[in-house]
**Q** 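The structure follows.
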Amino acid sequence: MTNNELADVFERIANLMKIKDELVFKVRAYERTAETLRSLGEEASALAARGALTSVPGIGKAISEKIEELLSTGKLGFLQRLEEEVPPSLLEMLKVPGVGPKKVALFWKELGLLNLADLQQAAAEGKLRSLPGMGEKSEAAILAGLASLAQRSGRMTLLRASEEGARWLAWLRKQPGVERAEPAGSLRRWKETVGDLDLVVAHREPAALMQAFTAHPDVARVLGQGENKSSVELKDGLRIQLWAQPPESFGALWIYATGSKDHNVRVRELAQRKGLSLSERGLLDAQGNLLRMPEEEQIYAALGLDWIPPELREDRGEVEAAAKHALPRLVSLGDIRMELHSHSTWSDGAVTIEEMARAAIARGYKVLAVTDHSHYMGIVNGMRPEDLPRQRAEIEEVQRKLGGQILLLQGAEVDIRSDGALDYPDEALAALDVVIASLHMSLHQPREQVTARLLNAIRNPHVDIIAHPTGRLLPDRAGADLDWSAVFAALAEHGTALEINASPMRLDADDAHTRHAAGLGIPITINTDAHAPRGMDEMIYGVSVARRAGLSAECVINTWEVEKLTGWLKKRGSRA
DNA sequence: GCCGTTTTCGGCCCGACTGTTTTCAGTCG
């Protein structure tokens, strides 16, 4: 079982236990396990094999035994017994906005409702309103929630979230009395996909702003409106949460709204140990004085912590590191000196090599690798090996024209065929300055088979970089099911670089795998895979993955000095 | 269920908003 599959099981257990009304702290232990598994990077099976599961924070004896049972049998007796007590079809009702575990249990026990269809029918027939704690309004809210559930799409890409966020922030900054408006939530943490948009403002009298916000013409439904917090659903299904506090409390508000939830819990626990209580309004001391602070740095500092970059706020040890002043110095966009994965009109790119080179110069890059596709049948207009010398001649011509402004490398993005063979013969690969290998076809072969293909590419001495390793497409098309332990081992053995593909549709490798790979000393490269100059602007999204992985610039080969990179390539047997 | 610079037992983050309630439970982030 993959980490994600294991995480799904623990999430399921947590939700069933909530409906069963188990102790919330037990439930949280299972929820936390699900979160931890998703961001582990290393395979749980590898950890289990060396008996190290309980070394993971939050995983103790009981849960590690459950993981081991799942890994060895694919089943879990504990879950099977739980599902006999609590029908698993109830879980779909939890997806309805405004319906939580208590209501699900109520509907099930009082009315025998088992699924969404039952709920829809009971609500339409007016059977919910007479239940204890329910009324006509709650019944209507459930009908509205069912309707919006049917219409809503899931999570969106970071690109769309950034664009929507920028649009709404611009609107907010024009509203009277708004002293500051900023993104928060998973958008600010640069999570690979974003569910709802979270925005915060500094404002002294926010009631009128909240009124204007909920009355905005794009709003289809107001989910809640108060003095300090409102929540709406737009006509296209997007949800936005807006929080407001006076400017002197902005620091606490921004931390709160940025999350993650687990990070906030960790920080608040720390505050408690220091005799303080942290909320979105500020720090409450033991005497009941509210200490308001306009900046996040001040709140963190009051707790003895360095300011924590939002990308790290996932409760993966960042609070402990901040207390020891040992946070990594994260790579930033300004550190990037090269684009090592790009396309031109020689394959499916939109512009010529010269135009791409000028675009790279305009972005301050010192190196551009032209890495057009090989010719495998799945790739539109890919290059045949016999085309490579002519392309080399054009690259050299452009190089002469541009002189020392940039170093152009001839590379290729060579497809790994369905049978695992590379698309070019070794002689062709040896003549290139840099070789990228990647999977495009047959991504959903069985794990052993698709992993073997990737391993074959990694073992080829001419291959320098493995690009977008899983081939996934965000927000929801899964990529290859890789045996990551084997992939990491091979990358480390051969010194092959792992790409973070910066396209917001890919962000592949993801933060968890990147973090683990870098920890093993595997070189990381962040590339946009640009097919046109504009594509190079997506570099920031790739950098965000590296930051979420906790990487400093040294781990990322395209932050290196030019000589260091060419030296690395030469040592790998390339022509550069 | 997990965990330990107070603890191997007894804790475990905090507040806004809503709808049902005459003081609070449920949901959400």
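Each chain gets a letter, A, B and so on, in the order its sequence line appears, and its residues count up from 1.
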**Q** Would His216(A) and Trp171(A) count as a close aromatic pair, with their ring centres under 6.0 Å?
**A**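 Ring centres of Trp171(A) and His216(A) closer than 6.0 Å.
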
**Q** Under 3.5 Å, is there a donor-acceptor pair linking the side chains of Glu296(A) and Trp307(A)?
**A** yes

**Q** Report the distance from atom CG of Asn264(A) to atom P of dG29(B), rounded to the nearest whole Å.
**A**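 It is 13 Å, rounded to the nearest whole Å.
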
**Q** May I ask you to list the residues of residues 36-53 of chain A, by number, that have any heavy atom positioned under 4.0 Å from an atom of DNA chain B?
**A** none

**Q** Considering only the C1' atoms, how many Å lie between dT7(B) and dC2(B), rounded to the nearest integer?
**A** 14 Å

**Q** Without decimals, in angstroms, what is the distance between Glu227(A) CD and dA16(B) C1'?
**A** 11 Å

**Q** So, the side chain of Thr73(A) versus the backbone of Leu70(A): is there a donor-acceptor pair under 3.5 Å, distance only?
**A** no

**Q** Using the salt bridge (charged side-chain N to carboxylate O under 4.0 Å, His left out) rule, collect all pairs that involve residues 87-114 of chain A, keeping only residues at least two apart or in two chains.
**A** Asp21(A)-Lys102(A)

**Q** Using the P atom in both, what is the distance from dC13(B) to dC3(B), to the nearest Å?
**A**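 Rounded to whole Å, the distance is 14 Å.
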
**Q** Excluding sequence neighbours, so at least two apart, what forms side-chain contact (heavy atoms from CB on, under 4.5 Å) with Ser503(A)?
**A** Asn501(A), Met505(A), Arg506(A), Glu538(A)

**Q** Using heavy atoms and a sub-4.0 Å distance, could you list which residues of residues 276-283 of chain A are near DNA chain B? By number, please.
**A**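 The answer is Ser277(A), Leu278(A), Ser279(A), Glu280(A), Arg281(A).
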
**Q** With a 3.5 angstrom cut-off on both distances, give the Watson-Crick or G-U wobble partner of dG10(B), or none if there isn't one.
**A**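 Pair assignment: dG10(B) / dC3(B).
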
**Q** Apply side-chain contact (heavy atoms from CB on, under 4.5 Å) to Ser552(A) and list each qualifying residue two or more places apart in sequence or on a separate chain.
**A**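 So Ser552(A) forms a side-chain contact (heavy atoms from CB on, under 4.5 Å) with Glu554(A), Cys555(A).
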
**Q** Pick out the pairs of N or O atoms, protein on one side and nucleotides 22-28 of chain B on the other, that lie under 3.5 Å.
**A**
residue	atom	partner	partner atom	Å
dT27(B)	OP1	Gly100(A)	N	2.7
dT27(B)	OP1	Gly100(A)	O	3.0
dT27(B)	OP1	Lys103(A)	N	3.0
dT27(B)	OP2	Lys102(A)	N	3.2
dC28(B)	OP1	Gly98(A)	N	2.8

**Q** Rounded to the nearest Å, what distance is computed from the CZ atom of residue Arg266(A) to the C1' atom of nucleotide dG29(B)?
**A**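 From Arg266(A) CZ to dG29(B) C1': 18 Å.
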
**Q** Under 4.0 Å: is that the gap between some side-chain N or O of Gln272(A) and OP1 or OP2 of dC14(B)?
**A** yes

**Q** Determine whether the side chains of Arg281(A) and Ser249(A) contain a donor N or O and an acceptor N or O closer than 3.5 Å.
**A**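 No, because no side-chain N or O of Arg281(A) sits under 3.5 Å from a partner of the opposite role on Ser249(A).
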
**Q** How many whole angstroms separate atom CZ of Arg28(A) from atom C1' of dC2(B)?
**A**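 Whole-Å distance recorded here is 10 Å.
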
**Q** Could you work out the separation of dT5(B) and dG1(B) based on their C1' atoms and round it to a whole Å?
**A** 24 Å

**Q** So, Thr258(A) and Arg188(A): side-chain donor and acceptor under 3.5 Å apart, yes or no?
**A**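 Result is yes, a qualifying pair exists.
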
**Q** Return yes if a side-chain donor-acceptor contact under 3.5 Å exists between Glu125(A) and Gln121(A), otherwise no.
**A**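 Yes - a donor-acceptor pair under 3.5 Å links their side chains.
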
**Q** Does Trp108(A) have any ring pair (Phe, Tyr, Trp, His ring centres under 6.0 Å) partners at least two apart in sequence or in another chain, and if so, which?
**A** none

**Q** With His468(A), which residues qualify under ring pair (Phe, Tyr, Trp, His ring centres under 6.0 Å), at least two apart?
**A** His440(A)

**Q** Using 30° and 60° as the class limits, which term best fits the ring planes of Phe213(A) and Trp168(A): parallel, tilted or perpendicular?
**A** perpendicular

**Q** Send over the distance from Leu303(A) CG to dC13(B) P, rounded to a whole Å.
**A**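 Rounded to whole Å, this separation is 15 Å.
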
**Q** Going by heavy atoms closer than 4.0 Å, what residues in residues 140-148 of chain A are next to DNA chain B?
**A** none

**Q** Could you tell me which residues satisfy ring pair (Phe, Tyr, Trp, His ring centres under 6.0 Å) with Phe107(A), sequence neighbours excluded, listed by chain and number?
**A**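 Per chain and number, Phe107(A) pairs via ring pair (Phe, Tyr, Trp, His ring centres under 6.0 Å) with no residue.
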
**Q** Can you name the side-chain contact (heavy atoms from CB on, under 4.5 Å) partners of Gln298(A), sequence neighbours left out?
**A** Met293(A), Pro294(A), Glu295(A)

**Q** Check every strand shown and say whether Lys26(A) touches a base, only sugar-phosphate, or nothing at a heavy-atom separation below 4.0 Å.
**A** base

**Q** Measuring to OP1 and OP2 of dT20(B), would you say a side-chain N or O of Ser138(A) lies under 4.0 angstrom away?
**A**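 The answer is yes; a side-chain N or O of Ser138(A) sits under 4.0 Å from OP1 or OP2.
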
**Q** Classify the ring geometry of Phe488(A) against His513(A): parallel below 30°, tilted from 30° to 60°, perpendicular beyond 60°.
**A**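 Taking His513(A) first and then Phe488(A), their aromatic rings sit tilted (interplane angle of 30° to 60°).
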
**Q** Consider the side chain of Glu269(A), meaning its heavy atoms from C-beta on, and name the nucleotide among dC13(B), dG1(B), dA16(B) that approaches it most closely.
**A**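 The listed nucleotide nearest to Glu269(A)'s side chain is dC13(B).
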
**Q** Please write out the pairs of protein N or O atoms and N or O atoms of nucleotides 3-11 of chain B separated by less than 3.5 Å, giving the distance to one decimal.
**A**
residue	atom	partner	partner atom	Å
dC3(B)	OP1	Gly58(A)	N	2.6

**Q** Quick check for you: among dG29(B), dC14(B), dT18(B), whose closest atom lies nearest to any side-chain atom of Arg268(A)?
**A** dC14(B)

**Q** Is there side-chain contact between Lys18(A) and Val104(A), with at least one heavy-atom pair below 4.5 Å?
**A**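 In short, these two side chains do not touch, never coming nearer than 4.5 Å.
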
**Q** Using a heavy-atom cut-off of 4.0 Å across all strands, would you classify Glu139(A) as base, sugar-phosphate, or nothing?
**A**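 No contact at all - Glu139(A) keeps every heavy atom at 4.0 Å or more from the nucleic acid.
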
**Q** Please report, rounded to the nearest Å, how far the P atom of dG1(B) is from the CD1 atom of Ile13(A).
**A** 10 Å

**Q** Just so I know, are the side chains of Leu16(A) and Glu83(A) near enough to count as touching, which here means a heavy-atom distance under 4.5 Å?
**A**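 Leu16(A) vs Glu83(A): side chains touch.
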
**Q** What is the separation between atom NZ on Lys261(A) and atom C1' on dC13(B), rounded to the nearest whole Å?
**A**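 My rounded result for the distance is 9 Å.
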
**Q** Without decimals, in angstroms, what is the distance between Arg221(A) CZ and dT18(B) C1'?
**A** 13 Å

**Q** Does Gln245(A) or Glu136(A) map to a spot on DNA chain B nearer the 5' end, using the closest nucleotide for each?
**A** Gln245(A)

